[in-house]
Structure formats: C-alpha cells, structure tokens
Amino acid sequence: MKHRSGSTLTISAVAFIASLLADIYLMLVYPSSIELIVAVSLIVIVDTYFMVDAILAKVDEVVSLNLDKQNELTKVEKGIYSVAKREEIARGQSMSGLVDLILEMKNENAALMNELIDQDKVMTKLTIKKDMDNTTKVVNSNERMAVLLAQMATANAKSQKEALEILNDICKELESRNGNLDTTNDFSHLRVMKS
C-alpha cells in the first residue's frame with residue numbers, strides 16, 4: 001500500500017503537470033480549439049483528483065503510521081509502567097519482609113535479653129546465698145573455735161591446777177622423807193609451764 005500510494009502520487013503529479021502545461025500551451029497557441037482545451041482541462045481535473053486522492057492517501061498513511069507508533073509507544077509505556085509497578089510491589093514486599101524480619105529479630109533479642117537478666121538474677125541470688133552460707137559457716141566455725149579454745153583454756157587451767165596440786169603433794173612428800181616437814185610451805189606458786 002505504501003509503495004502503491006507513492007507511485008500513484010508520482011504518476012498523478014507528472015500527469016497533472018504535463019496536462020496543465022499542455023492545456024496552457026493549447027490556450028496560448030490554439031485558442032480557437034476549445035474542444036481540445038476542454039478535453040485537456042478535463043484531464044487536468046482528473047489528474048488533480050487523482051493527485052489530491054494520492055496526497056490524502058499519503059496523509060492517511062502518515063497519520064496511520066503515527067497512530068501505530070503512538071500506539072506502540074503507549075504499549076511500551078504501559079509495559080514499562082507495569083514492570084515498574086511490579087518492581088515497586090516486589091520491592092515493597094521485600095522491604096515489608098525485611099521489616100518483619102527485623103521486628104522478629106528485635107523481639108527475639110528482647111526475649112534473650114530478658115532471659116539473660118533473669119539468669120543473672122538467679123546467679124546473683126545463688127551467689128548471695130552461697131556467700132551467706134559461707135559467712136554463716138565461717139561465723140559458726142569461729143564460734144566453735146572460740147568454744148573449743150575456751151574449753152581448752154578451761155581444761156588447761158584444770159590440768160595446771162591439778163599439776164600444781166600434784167607437785168605440791170610431791171614436794172611435801174619429799175620434805176617429809178628428808179625430815180624437814182614444814183607444813184607452812186605452800187608450793188602453789190610453782191607452775192608447770194609459763195603462761
């Protein structure tokens with residue numbers, strides 16, 4: 001169609017120019033041959049019709065091509081918009097997924113932190129209880145040691161007293177054997193060991 005309308009336009013234009021020139025020539029050279037001038041004028045009119053028809057067909061073809069290009073551009077724009085919209089939706093979904101993942105990780109971190117705090121509290125309580133038990137044991141052992149030392153001191157005092165009495169009796173016995181019996185001597189001042 002494109003080639004045909006182009007060739008029709010060319011043929012019509014050449015025929016129009018040729019018939020117009022012929023008509024002008026006939027009018028100038030043979031003004032008395034009216035029938036021939038009218039016939040050539042009819043050819044000019046017919047060529048004008050074909051030439052205008054070819055021009056209108058060419059215009060329609062150009063308009064049609066422009067419309068086709070416009071439709072293709074519209075389709076391409078719609079395709080680009082559709083792809084961009086899908087990309088935006090996919091990006092939005094992935095961002096939403098990332099936000100959900102971040103919130104989930106934040107909640108997990110908060111739960112782990114609370115669990116660590118609880119475990120730290122339990123460990124602190126256990127440490128305090130163990131320290132209290134150790135302190136009680138130390139205090140109790142100190143008290144027991146003090147009691148034992150007091151008992152040892154009491155036992156030592158008794159032993160010392162008994163030893164002094166025995167020494168006093170031995171000294172008295174020795175003096176009575178030596179014939180020096182002096183009942184006024186008191187040997188209680190003697191000590192078995194130095195205090």
Side-chain angles (χ1 to χ4, degrees), residues 1-140:
M1 173 97 185
K2 181 177 178 183
H3 182 65
R4 194 175 126 219
S5 65
S7 61
T8 304
L9 180 61
T10 306
I11 291 169
S12 297
V14 170
F16 172 75
I17 291 172
S19 58
L20 186 61
L21 289 175
D23 196 26
I24 292 172
Y25 177 76
L26 286 174
M27 282 184 201
L28 292 175
V29 175
Y30 302 107
S32 59
S33 358
I34 298 214
E35 295 88 20
L36 189 61
I37 292 173
V38 170
V40 173
S41 294
L42 282 175
I43 292 172
V44 169
I45 292 172
V46 171
D47 281 338
T48 305
Y49 169 77
F50 283 121
M51 191 172 67
V52 169
D53 186 49
I55 290 172
L56 290 176
K58 190 71 170 171
V59 168
D60 286 342
E61 183 180 328
V62 169
V63 168
S64 176
L65 283 174
N66 285 339
L67 284 176
D68 288 344
K69 286 181 182 179
Q70 188 65 33
N71 287 337
E72 286 179 22
L73 286 174
T74 305
K75 287 179 184 176
V76 168
E77 287 175 358
K78 284 181 181 179
I80 290 171
Y81 175 76
S82 175
V83 169
K85 190 72 172 174
R86 275 191 300 237
E87 286 293 321
E88 183 181 348
I89 290 170
R91 193 176 313 116
Q93 288 174 346
S94 67
M95 289 300 287
S96 174
L98 283 174
V99 168
D100 291 342
L101 183 64
I102 288 170
L103 287 175
E104 185 178 332
M105 289 175 68
K106 184 179 176 184
N107 292 336
E108 285 179 10
N109 284 344
L112 287 173
M113 187 60 76
N114 289 336
E115 190 175 331
L116 280 174
I117 290 171
D118 291 342
Q119 288 179 359
D120 193 34
K121 286 178 183 177
V122 169
M123 287 300 293
T124 304
K125 286 179 183 178
L126 287 174
T127 304
I128 290 171
K129 187 174 185 321
K130 189 170 183 176
D131 288 346
M132 287 175 60
D133 290 345
N134 287 340
T135 305
T136 304
K137 286 178 184 176
V138 167
V139 169
N140 288 342

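Every residue two or more places apart in sequence or in another chain that forms a side chain to side chain contact (heavy atoms under 4.5 Å, CB included) with Ile34 is listed here: Val38.
Of all the heavy atoms in Asp47 and Ser19, the pair that sits closest is OD2-OG, 3.3 Å. Across every non-hydrogen atom of Met27 and Ser41, the tightest pair is CE-OG, 4.4 Å.
Side chain of Ser82 to main chain of Gly79: no donor-acceptor pair is present (N/O by atom type, distance under 3.5 Å, no hydrogens or angles). With Ser96 contributing its side chain and Gly92 its backbone, the two residues share no donor-acceptor pair below 3.5 Å.
Between Asn107 atom CG and Ile102 atom CD1 the span is 12.0 Å, to the nearest 0.5 Å. In this structure, CD1 in Ile80 is found 12.5 Å from CD in Glu87, a value given to the nearest 0.5 Å. The distance from atom CD of Glu61 to atom CG of Asp68, rounded to the nearest 0.5 Å, is 10.5 Å. In this structure, OG1 in Thr48 is found 7.5 Å from CG in Leu20, a value given to the nearest 0.5 Å. To the nearest 0.5 Å, the span separating CG on Asp131 from CG on Leu126 amounts to 11.0 Å. Considering NZ of Lys130 and CE of Met123, their distance stands at 9.0 Å, rounded to 0.5 Å.
Taking the side chain as every heavy atom from C-beta outward, Leu116 and Asp120 never approach each other to under 4.5 Å.
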